[in-house]
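Below, all heavy atoms of this structure are taken into account, side chains as well, without hydrogens, waters or symmetry copies. All of these numbers come straight from a predicted model, not from anything done at the bench. All residue numbers refer to positions in the sequence shown, counting from 1.
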Amino acid sequence: MARLNVNIDHVATVRQARRTTEPSVVAAAMICEQAGADGITIHLRGDRRHIQDRDLYILRQAVTTYLNVEMAATEEMIKIACDARPDAVTLVAERPGEITTEGGLDARANLDAVRASVSALRERGIIASVFIDPEEDQIEAACDAGADQVELCTAAYAEATMLPAGAHPTNEERIARELDRLRKAAAFAARRKLRVAAGHGLTYRNIGAIAAIREIAEFNIGHNIIARAVLVGLERAVRDMLAAIREGAERT
């Protein structure tokens, strides 16, 4: 079964709404780990809208499973990562003012910056991952940059599953097309000796079909888990997602 890293950014979003000390991202991380999560993911954004630098350093000391930090491939961010030394860094596209990450990083167009970032990370013993759209050219670019892993952006698939498959005559075809795209990309990346992760917009409702793709070894899921946690509690929300992933994996 693929590993689950829980993204706790939006715990920090609630905290930053009042610029206070609660809810605690450390407490959230501990609950996720106790519930069975394989790791914790955070995104240190340039505008520091939720996760703060201090959170990264504290979580590095507190997390006992696996800490993955998403960040832009900039000199500022790579310097912070090399100092804090999380287990993994995922290089992502980042645009000022965006509500959330809008798609994969164009690793081909930004090859020099990605290569330099990957090299710096690997020198510090940090796993270097690149968040990309599920396209062969982008996977090849990640290889050219020396990345250890690619994380396939599942946004298009997630958007296609927002309505029931039968809600529109073409929606079922769209879902199938995006699933096939992800399957082919995951298989291609695995053949290129890259570890394969996936994430963005995944929910309890749509994770099953993705979890059945055997090449995907890791999921990074945040908003849907935290949203459910508001209603049922964080421990149960994490356990429910783990169960959904397990159910999907059993389809293979």
Side-chain angles (χ1 to χ4, degrees), residues 3 5-9 11-12 16 24-26 28-30 32-33 37-96 98 100-101 104-132 138-153 189 192-200 217-220 222:
R3 301 184 303 274
N5 297 334
V6 179
N7 186 313
I8 58 172
D9 287 350
V11 175
Q16 294 303 111
S24 164
V25 293
V26 174
M30 299 304 97
C32 290
E33 289 188 319
D38 300 284
I40 301 298
T41 292
I42 57 174
H43 185 168
L44 184 64
R45 283 183 167 270
D47 62 10
R48 306 304 198 273
R49 69 176 65 171
H50 38 57
I51 296 295
Q52 306 298 300
D53 297 47
R54 181 172 179 269
D55 295 326
L56 167 56
Y57 286 95
I58 294 174
L59 286 167
R60 174 62 291 178
Q61 297 300 314
V63 170
T64 59
T65 51
Y66 180 87
L67 181 61
N68 171 47
V69 181
E70 300 174 346
M71 55 176 48
T74 65
E75 184 176 342
E76 175 202 12
M77 289 297 166
I78 299 305
K79 182 178 180 181
I80 292 171
C82 289
D83 184 50
R85 297 184 72 170
D87 296 294
V89 164
T90 302
L91 302 173
V92 301
E94 191 172 302
R95 183 181 65 81
E98 66 184 4
T100 186
T101 303
L105 173 63
D106 189 339
R108 180 61 68 195
N110 297 281
L111 186 57
D112 289 345
V114 174
R115 181 182 284 129
S117 298
V118 166
S119 177
L121 294 168
R122 295 189 67 179
E123 283 180 9
R124 297 292 285 172
I126 301 168
I127 295 170
S129 180
V130 187
F131 182 72
I132 57 173
Q138 292 299 320
I139 294 167
E140 289 283 10
C143 282
D144 293 344
D148 301 293
Q149 175 177 286
V150 291
E151 180 174 349
L152 303 178
C153 177
R192 300 291 285 143
K193 308 302 181 184
L194 289 164
R195 281 175 276 187
V196 185
H200 200 71
E218 174 185 298
F219 290 108
N220 291 287

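- Nearest heavy atom pair, residue Pro86 against residue Ala81, reads CD-O, 3.4 Å.
- Side-chain atoms of Glu94 do not come within 3.5 Å of backbone N or O of Met71 as any donor-acceptor pair.
- Side-chain atoms of Gln149 do not come within 3.5 Å of backbone N or O of Val196 as any donor-acceptor pair.
- A donor-acceptor pair under 3.5 Å is absent between the side-chain atoms of Arg85 and the main chain of Ile126, judged by distance alone.
- Here Ile42 contributes atom CD1 and Ile51 contributes atom CD1; the two are 5.0 Å apart, rounded to the nearest 0.5 Å.
- Of the inter-residue distances, the one linking Leu194 atom CG with Glu151 atom CD reads 13.0 Å to the nearest 0.5 angstrom.
- Here the CZ atom belonging to Arg192 is positioned 4.5 Å from the SG atom belonging to Cys143, to the nearest 0.5 angstrom.
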Checklist entry - Would Asp83 and Lys79 count as a side chain to side chain contact (heavy atoms under 4.5 Å, CB included) if you check the C-alpha gap in whole Å, the side-chain angles of each, and the deciding distance to 0.1 Å? => result CA-CA 6 Å; Asp83 184 50; Lys79 182 178 180 181; 5.9 Å; no
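- Taking all atoms of both residues into account, the shortest heavy-atom contact from Gly104 to Ala93 is O-CB, 4.0 Å.
- When every heavy atom of Thr65 is checked against every heavy atom of Gly39, the shortest pair comes out as OG1-CA, 3.4 Å.
- Partners of Asp144 according to the salt bridge (charged side-chain N to carboxylate O under 4.0 Å, His left out) rule, which considers only residues two or more places apart in sequence or in another chain, are Arg108.
- Atom CD1 of Ile132 and atom CG of Leu91 lie 11.0 Å apart (nearest 0.5 Å).
- Distance alone, capped at 3.5 Å, places no donor-acceptor pair between the Asn110 side chain and the Ala113 backbone.
- The main-chain N or O of Gln52 is found under 3.5 Å from a side-chain atom of Asp55 such that the two form a donor-acceptor pair.
- For the side chain to side chain contact (heavy atoms under 4.5 Å, CB included) with Val25, the qualifying choice from Asp9, Leu56, Ile8 is Ile8, the only one to do so.
- Considering every non-hydrogen atom in both Val11 and Ser24, the closest pair reads CG1-O, 4.0 Å.
- Of all non-hydrogen atoms in Ala73 and Ser117, the two that sit nearest each other are CB-OG, 3.5 Å.
- Tested against Asp47 for a side-chain hydrogen bond (donor to acceptor under 3.5 Å, both in side chains), the candidates Arg45, His50, Arg49 yield a single pass: Arg49.
- The minimum heavy-atom distance linking Ser129 with Val150 is given by the pair OG-C, 4.0 Å.
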Item to check | Trace of the side chain to side chain contact (heavy atoms under 4.5 Å, CB included) decision for Val89 with Leu121 | outcome: CA-CA 8 Å; Val89 164; Leu121 294 168; 3.7 Å; yes
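- In this structure, Arg122 contributes its side chain and Gly146 its backbone to a donor-acceptor pair below 3.5 Å.
- In this structure, CG on Leu59 lies 11.0 Å from CG on Leu44, to the nearest 0.5 angstrom.
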Checklist entry - What's the verdict on side chain to side chain contact (heavy atoms under 4.5 Å, CB included) for Arg195 and Ile127, showing C-alpha distance, side-chain angles and the deciding distance? => result CA-CA 10 Å; Arg195 281 175 276 187; Ile127 295 170; 3.7 Å; yes
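- Residues passing the salt bridge (charged side-chain N to carboxylate O under 4.0 Å, His left out) test with Arg3 are Glu218, sequence neighbours excluded.
- Atom CZ of Phe131 and atom NE2 of His43 lie 10.0 Å apart (nearest 0.5 Å).
- Side-chain contact between Asp112 and Val114: absent, with no pair of heavy atoms (C-beta onward) separated by less than 4.5 Å.
- For Glu76, the salt bridge (charged side-chain N to carboxylate O under 4.0 Å, His left out) criterion is met by Arg48, not counting sequence neighbours.
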Item to check | Working for side-chain hydrogen bond (donor to acceptor under 3.5 Å, both in side chains), residues Thr90 and Glu70 | outcome: CA-CA 5 Å; Thr90 302; Glu70 300 174 346; 5.5 Å; no
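- Each of Asn5, Asp38, Thr41, Ile40 was evaluated against Tyr66; a single residue qualifies, Asn5, per the side chain to side chain contact (heavy atoms under 4.5 Å, CB included) test.
- Under a 3.5 Å cut-off, the side chain of Asp87 and the backbone N or O of Asn68 do not form any donor-acceptor pair.
- Between Tyr57 and Ile80, the closest side-chain pair of non-hydrogen atoms falls below 4.5 Å.
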